[in-house]
Amino acid sequence: MTAPTLAVDFGTSNSAAAIMVDGKVRRLQLEAGADTLPTAVFLPSDGGPMLIGRQAETALTEGDAGRYMRALKSVLGTPLFHESRMIGGRRRAISDIVTALLAQLKLRAELAADARFSHVLSGRPVHFHSSDAGRDAQAEADLRSCYLAAGFESVAFMAEPEAAALATSGTDGLSELRMIVDIGGGTSDFSVVRTGPHGVEVVASHGIRLGGTDFDQAISMAHAMPAFGLGGQLRRTFGDGLLPVPRALFSDLATWAMIPFLYTRETERAVADLVRHAVQPLPLQRLGAVIEHRLGHDLAFAVERGKIAANAAKAGACIDLGGIERGLTVPLSAGLMNAALAPMCVTLRTAMYETLFHAKVPAGSISAIVLVGGSSMMSLIEAEARSVCLAARVIWSEAFTAVVDGLALATTRLSDKP
Ligand SMILES: Nc1ncnc2c1ncn2[C@@H]1O[C@H](COP(=O)(O)OP(=O)(O)OP(=O)(O)O)[C@@H](O)[C@H]1O
Ligand SMILES: [Mg+2]
């Protein structure tokens, strides 16, 4: 008997693997007790073995010496993906790191399933890069070459929302039009599908490069970074007048994938220079401490936790920056957060209308909205989708595993092909 095809959802924030066994989806535990694995790595400075998933997060929180990286998927298709740099005591490129991550994922899946996998069906966003077709094609080529280098012999791709449609439709046998709304860490994907007693037909799919990590960035820039000097002013070295503190460094610090690249002598010198010229040096001194003590990810995690708490409308929700400076917090109510995310909501709503336009169906004909992906748990996503498809009811899928379940279901179609 040939080994089944391994289904892999390689996500910006979380990854998962599954196979079909006796006609049913079996998720493979890549870590004990969990159906998903954080898409994160930790490269120890002493050149020791790379850690992945929760072990990587533990190494970061315990302050081990080394380089933590997350949101690697968002670098696919960019020149940075192939640039080699000193990372974790060795020269390597992000492509090498993604390959090593996929090789470990393959090995763990094989141990969990007690089988060898040569073929993989991987999810991909509808667009890795929404406004650059060349980069988009390059991103898929980059991911394919990483799977091949990780030991797979063949690689097939399927659009993530279409996989989610397979997993979330068909069980109730209802004949209707549905819109799948899959908002993950890096991308937002939409499919209009027609469900019926014989399965699911994809009418149209559309996607944009915008996800929960972009929400984190927007919230961080609006609410966290001012505590580190953003919005402050600098005295000129020569002459009178004040200059605004430049934004670029803060923008990188608020971007998950860019944080590790800030830990250089050059950045330390640049921040020291800002402190010297600052009208209010204290916030920029904090920035200096973040760079010097490599606390950028702690800051990003604090913002992400603040986002989730504000979304849950917890009273007194805040961004707790106590891990950076004792007692430092920034208030973050749902209202403040939603105001920071308002421009992104407009972009998401426009993308939903574009999806309906591609599908050539009126919004009123959508009977159900299927919410998929961790960021679809944001109340404002549900509100946007409801405001577009006014007649639709909302179906909550399994946010973190609907894509991998659907990919596993789709592997049977691959093996049916002659
Ligand atoms: N309870 C929650 N409320 C709001 N957002 C959440 C919640 N839990 C997780 N998230 C966000 O969901 C995102 C991760 O979702 P998910 O695991 O579906 O993404 P992904 O599949 O890895 O990414 P992509 O599909 O874009 O590559 C993160 O940005 C995270 O902050
Ligand atoms: Mg996803």
Side-chain angles (χ1 to χ4, degrees), residues 12-13 71 179 181-188 190 208-232 244-245 247 250-256 280 282-283 286-287 290 296-353 363 369 371-390 392-394 396 399-400:
T12 309
S13 306
M179 179 147 77
V181 175
D182 175 6
I183 321 282
T187 50
S188 294
F190 310 93
I208 55 172
R209 188 180 168 84
L210 179 69
T213 53
D214 301 286
F215 297 167
D216 297 345
Q217 203 223 22
I219 296 165
S220 185
M221 289 298 274
H223 296 287
M225 290 303 163
F228 298 87
L230 179 63
V245 172
R247 289 176 67 85
F250 297 97
S251 174
D252 281 355
L253 186 58
T255 307
W256 283 98
Q280 282 189 311
L282 176 72
R286 275 189 199 130
L287 175 66
V290 168
H297 285 108
D298 301 69
L299 175 49
F301 272 115
V303 172
E304 186 182 22
R305 281 192 294 269
K307 169 185 78 173
I308 292 173
N311 182 55
K314 290 214 173 115
C318 67
I319 302 173
D320 182 351
L321 298 166
I324 291 163
E325 185 181 301
R326 188 177 297 196
L328 182 64
T329 60
V330 175
L332 186 71
S333 62
L336 284 172
M337 177 175 75
N338 292 352
L341 300 181
M344 291 180 172
C345 285
V346 175
T347 309
L348 286 166
R349 198 181 325 139
T350 306
M352 292 182 208
Y353 280 119
I369 297 158
L371 293 177
V372 184
S375 297
S376 71
M377 294 194 226
M378 301 285 287
S379 318
L380 48 78
I381 299 295
E382 183 189 342
E384 289 303 331
R386 282 186 190 275
S387 78
V388 172
C389 304
L390 290 170
R393 68 188 188 285
V394 170
W396 299 92
F400 297 101

Looking only at non-hydrogen atoms, find the nearest pair between [X] and [Y] and report the distance.
X: S375; Y: G184; answer: OG-O, 2.8 Å
X: P226; Y: S220; answer: CD-O, 4.2 Å
X: I208; Y: A351; answer: CD1-CB, 3.9 Å
X: V303; Y: A224; answer: CG2-CB, 3.9 Å
X: S13; Y: G185; answer: OG-CA, 3.6 Å
X: A385; Y: M352; answer: CA-SD, 3.7 Å

Q) What pairs meet the side-chain hydrogen bond (donor to acceptor under 3.5 Å, both in side chains) rule with one or both residues in residues 336-353, with sequence neighbours excluded? A)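 Passing the test, one end in residues 336-353: R349-E384.
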
(Q) Per the side-chain hydrogen bond (donor to acceptor under 3.5 Å, both in side chains) rule, what does the pair list look like for residues 297-310, sequence neighbours excluded? (A)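 As it turns out, the side-chain hydrogen bond (donor to acceptor under 3.5 Å, both in side chains) pairs with a partner in residues 297-310, which skip direct neighbours, are R70-E304, D216-K307.
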
[atom1]/[X] to [atom2]/[Y] distance, rounded to the nearest 0.5 angstrom?
X: I183; Y: D214; atom1: CD1; atom2: CG; value: 11.0 Å
X: R386; Y: I381; atom1: CZ; atom2: CD1; value: 13.5 Å
X: I369; Y: E382; atom1: CD1; atom2: CD; value: 8.0 Å

Going by side chain to side chain contact (heavy atoms under 4.5 Å, CB included), name the residues that satisfy it together with [X], two or more places apart in sequence or in a different chain.
X: N311; value: M337, M378, S379
X: T329; value: C318, D320
X: F250; value: M221, M225, F228, L230, V245, L284, L287
X: A222; value: A340

(Q) Keeping S376 on the side-chain end and D182 on the backbone end, is there a donor-acceptor pair under 3.5 Å? (A)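 Checking the backbone N and O of D182 against the side chain of S376, no donor-acceptor pair under 3.5 Å is found.
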
**Q.** Partner set under ring-ring contact (aromatic ring centres under 6.0 Å, His included) for F301, not counting sequence neighbours
**A.**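 Expected list: W256.
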
**Q.** Step-by-step side-chain contact (heavy atoms from CB on, under 4.5 Å) determination, V181 to V372
**A.** CA-CA 6 Å; V181 175; V372 184; over 6 Å; no

Q: State which residues pass salt bridge (Lys or Arg N to Asp or Glu O under 4.0 Å) with R247; sequence neighbours excluded, sorted by chain then number.
A: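 None.
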
Q: List in chain and number order the residues that pass side chain to side chain donor-acceptor pair (under 3.5 Å) with S387, two or more places apart in sequence or in another chain; answer none if no residue qualifies.
A: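 Scan of S387 (side chain to side chain donor-acceptor pair (under 3.5 Å), adjacent residues dropped) gives none.
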
Student check: side-chain heavy atoms of [X] and [Y] closer than 4.5 Å:
X: S251; Y: Q217; result: yes
X: L348; Y: L210; result: yes
X: H223; Y: L336; result: yes
X: L253; Y: V290; result: yes

(Q) Tell me which pairs pass salt bridge (charged side-chain N to carboxylate O under 4.0 Å, His left out) where either residue lies in residues 323-340, with sequence neighbours left out. (A)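 Qualifying pairs: R286-E325.
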
Q) What salt bridge (charged side-chain N to carboxylate O under 4.0 Å, His left out) pairs are there with at least one residue in residues 222-231, not counting sequence neighbours? A)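 Not a single pair qualifies under salt bridge (charged side-chain N to carboxylate O under 4.0 Å, His left out).
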
